[in-house]
Amino acid sequence: MTVQQDARPHTLAGGRLRPAISFEDERFLMFVLDEMAGDYEQRYDDVIRLTLGKSELPPEEPIIAAMLDAAEDYAKASLVFPGGLPQLRHRLSAEYRSRYGVEVPAERFVVSVGTSMAFRNLTQLLAGPGDEVVVPLPYYPLYPFTARLAGARVRHYRIDLDTLQVDLDSLAEAMSERTRIVVVNSPGNPLGNVIDPATFRRIDEIVGGRAVVIADEIYNNVHFDDEPYSAVTLAGEMTSPLVVTNAFSKAHRMYARRVGYAIVPDELVHPLTVIQHHTLLTTDPVPQFGAIAALDHQEGVRELTGRYGARRDYTLERFGEVSAVRAVPARGSFYLTLDCAEYLRRHDIPGSLALAERIMRATRVATVPGSDFGLPDTLRLSYTSARYEEGIDRLAGFFTGAPPDDADVDADVVRQG
C-alpha cells in the first residue's frame, strides 16, 4: 500500500504548528557563508575560510590518545552519567582550585555536549513567556535565540565599539522586574572585548540579585593582553546568583568533540541534571576522557594563544593602511571585527551579508556577516585558518581597490540571502 504525503499545511488549534519564530531570520549566516565557501572549494583550490571558530590545529596528542584509549575500552566508552563523568567533574574542581584558588565542589559542574546545549537548557529552566533576558550588543546569536525559543523577550546592553567597554548605563536601562537572566561574555564574541573584575562587580551591583548572571567564558584561556580570571572567583561577594559556562572546543581544539560544562549554584544542580536526564541522557564519554587529558596538557593552549595574538597584530597593522575600514583591536577570543560602515556607505552596499558575498566572489575569502551579532555594518574574521595572513592580504586589497561590479558575479553561484 502506498501512503501519500498530505501536501496541505498543518495547523494546531492555536493556529500554528511551530513557535512564532521567523526561522529564516534566525539563520546563522556564518554557516551560510561557510557553505558558500564549500561550494567554491569544488571549483577553486585557493578558498580561505575565516568563518568558523574551529582551530586549524588538531587536539594535542595526549588528548587524541586518551580518546582512542576510551573508544577501544568498552567499559569506558559505555559509561552513562547525565551530569558528566565523575572523573571529569572532580578534575574540573581541582583545576579551578589550582588555577584560580577557588573551591568549587565537583557536584556543581554539570557537563553537557558543548555549552550551546547547556545554554539552551539553562534558559528553558530560568525563563519563559513574559520574562526577559538581557544580552550584550553585539551578542553571540545563541543568547537571543535560546531566549526567544523559551518565549522570553530579549533586551540589550551595549558594548562600545571604540572603547570595548560595557555601557553600564544601558545595562541599568535594560533591567526590569521581569529580567530573569543577564548574559556576560568575556572575552567576547565577536569583539574579543574583555570585562575586568571591577566591571563585573559593577554589573552585579546593577543586577542587584534580580536575575541570574550567566558568564560565558568559552574563550577564557585566549587572552592576548590581560591575565585570565574567572567570574567564579567573584561569586562569594556577588549579590546575584552566578552561572559560569565553558568548554574544551576552543582553546583545547576539540571543536567537534563537544564537551562543555556549566558551574551552577547548588539549587540548580538537580533541576539542570534532570533536564539532561530527558534531553541528553549522557555526553559521549569518549571525548570526556579526552577533556580530562586536556586539563593535564596546557602547552597547546599557550601555543594557540600566541599564534592567534600574532594574527590579531598582523590584522591591525594591515588594516591601519585601509581608510574606509577599521579593525577593532580585540583583546582575546578567536575573532576580530572589521567596522565597515564607512565602506558600505561609500559604495552603497545594503549590509554585511551583501558585502560578505561580494568579498567571497571577488577574493574567495569567506567572512561572517556582522548582522549575525547585531552589527550589520561589520564583518567577523576567525583567526583559525592556516592561511590567515594571506586572507588578510586579500581583504586589504579588496577594500583598497576598485569595488567589483555585480556583473562580475559568477553566473553559477546562487545567492543565499
Side-chain angles (χ1 to χ4, degrees), residues 66 79 81-112 114-115 118-119 121-122 125-126 181-187 194-205 207-209 211-223 226-252 254 259-276 283 285 288-299 301-302 332:
L79 290 170
F81 288 94
L85 291 179
Q87 302 97 306
L88 176 56
R89 298 168 83 178
H90 282 282
R91 183 64 187 81
L92 283 165
S93 178
E95 180 70 14
Y96 275 74
R97 183 186 311 115
S98 171
R99 181 175 298 180
Y100 301 115
V102 61
E103 290 288 341
V104 184
E107 294 74 20
R108 288 181 52 203
F109 291 85
V110 180
V111 177
S112 189
T115 56
F119 223 98
N121 287 343
L122 283 163
L125 178 63
L126 297 170
I181 298 171
V182 175
V183 179
V184 179
N185 179 207
S186 178
V194 170
I195 298 174
D196 60 45
T199 302
F200 204 100
R201 292 185 180 95
R202 287 287 294 118
I203 290 170
D204 174 56
E205 289 176 12
V207 177
V212 175
V213 176
I214 301 182
D216 180 358
E217 297 186 352
I218 195 166
Y219 298 103
N220 182 261
N221 288 336
V222 189
H223 284 74
D226 308 89
E227 281 298 317
Y229 80 98
S230 173
V232 75
T233 62
L234 307 177
E237 60 188 83
M238 288 178 61
T239 303
S240 309
L242 174 69
V243 172
V244 171
T245 62
N246 206 333
F248 293 83
S249 59
K250 301 300 181 179
H252 294 286
M254 296 175 65
V259 180
Y261 57 90
I263 307 173
V264 300
D266 289 332
E267 56 268 37
L268 293 184
V269 172
H270 183 62
L272 186 59
T273 304
V274 170
I275 289 176
Q276 296 197 167
T283 300
Q288 289 191 74
F289 281 105
I292 294 170
L295 292 171
D296 292 325
H297 296 86
Q298 301 288 340
E299 301 84 2
V301 175
R302 291 186 286 271

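What you see is a predicted model, and the numbers here were worked out from it, not measured in a lab.
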Shortest non-hydrogen contact between [X] and [Y], atoms and distance:
X: G208; Y: T239; answer: C-CG2, 3.7 Å
X: F109; Y: R89; answer: O-NE, 2.6 Å
X: V244; Y: V232; answer: CG2-N, 4.0 Å
X: D204; Y: M238; answer: OD2-CA, 3.3 Å
X: N246; Y: T115; answer: O-CG2, 3.0 Å
X: T245; Y: D216; answer: OG1-CA, 3.3 Å

**Request:** Could you walk me through whether L85 and R91 pass side-chain contact (heavy atoms from CB on, under 4.5 Å), step by step?
**Result:** CA-CA 10 Å; L85 291 179; R91 183 64 187 81; over 6 Å; no
Backbone N or O of [Y] within a donor-acceptor pair of the [X] side chain at under 3.5 Å?
X: T273; Y: V269; result: yes
X: R108; Y: V264; result: yes
X: Q276; Y: V111; result: yes
X: S112; Y: G260; result: no

What's the spacing between [X] [atom1] and [Y] [atom2] if we round to 0.5 Å?
X: E227; Y: D196; atom1: CD; atom2: CG; value: 13.5 Å
X: L92; Y: I263; atom1: CG; atom2: CD1; value: 7.5 Å
X: L126; Y: I181; atom1: CG; atom2: CD1; value: 4.5 Å
X: I292; Y: H90; atom1: CD1; atom2: NE2; value: 11.0 Å
X: M254; Y: Q288; atom1: CE; atom2: CD; value: 9.5 Å
X: L295; Y: E95; atom1: CG; atom2: CD; value: 5.0 Å

Heavy-atom check, side chain of [X] versus side chain of [Y], under 4.5 Å:
X: I218; Y: S249; value: yes
X: V212; Y: L122; value: no
X: Y261; Y: L88; value: no
X: V243; Y: P265; value: yes

**Prompt:** Side chains of E217 and S230: do they bring a donor and an acceptor to under 3.5 Å?
**Reply:**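 The answer is yes; a qualifying pair exists.
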**Prompt:** Do E205 and R201 meet the salt-bridge criterion of a basic N to acidic O distance under 4.0 Å?
**Reply:**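 E205 and R201: not salt-bridged.
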**Message:** Are F200 and Y229 an aromatic pair, judged by ring center distance below 6.0 Å?
**Reply:**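 Here the rings of F200 and Y229 have centres that are no less than 6.0 Å from each other.
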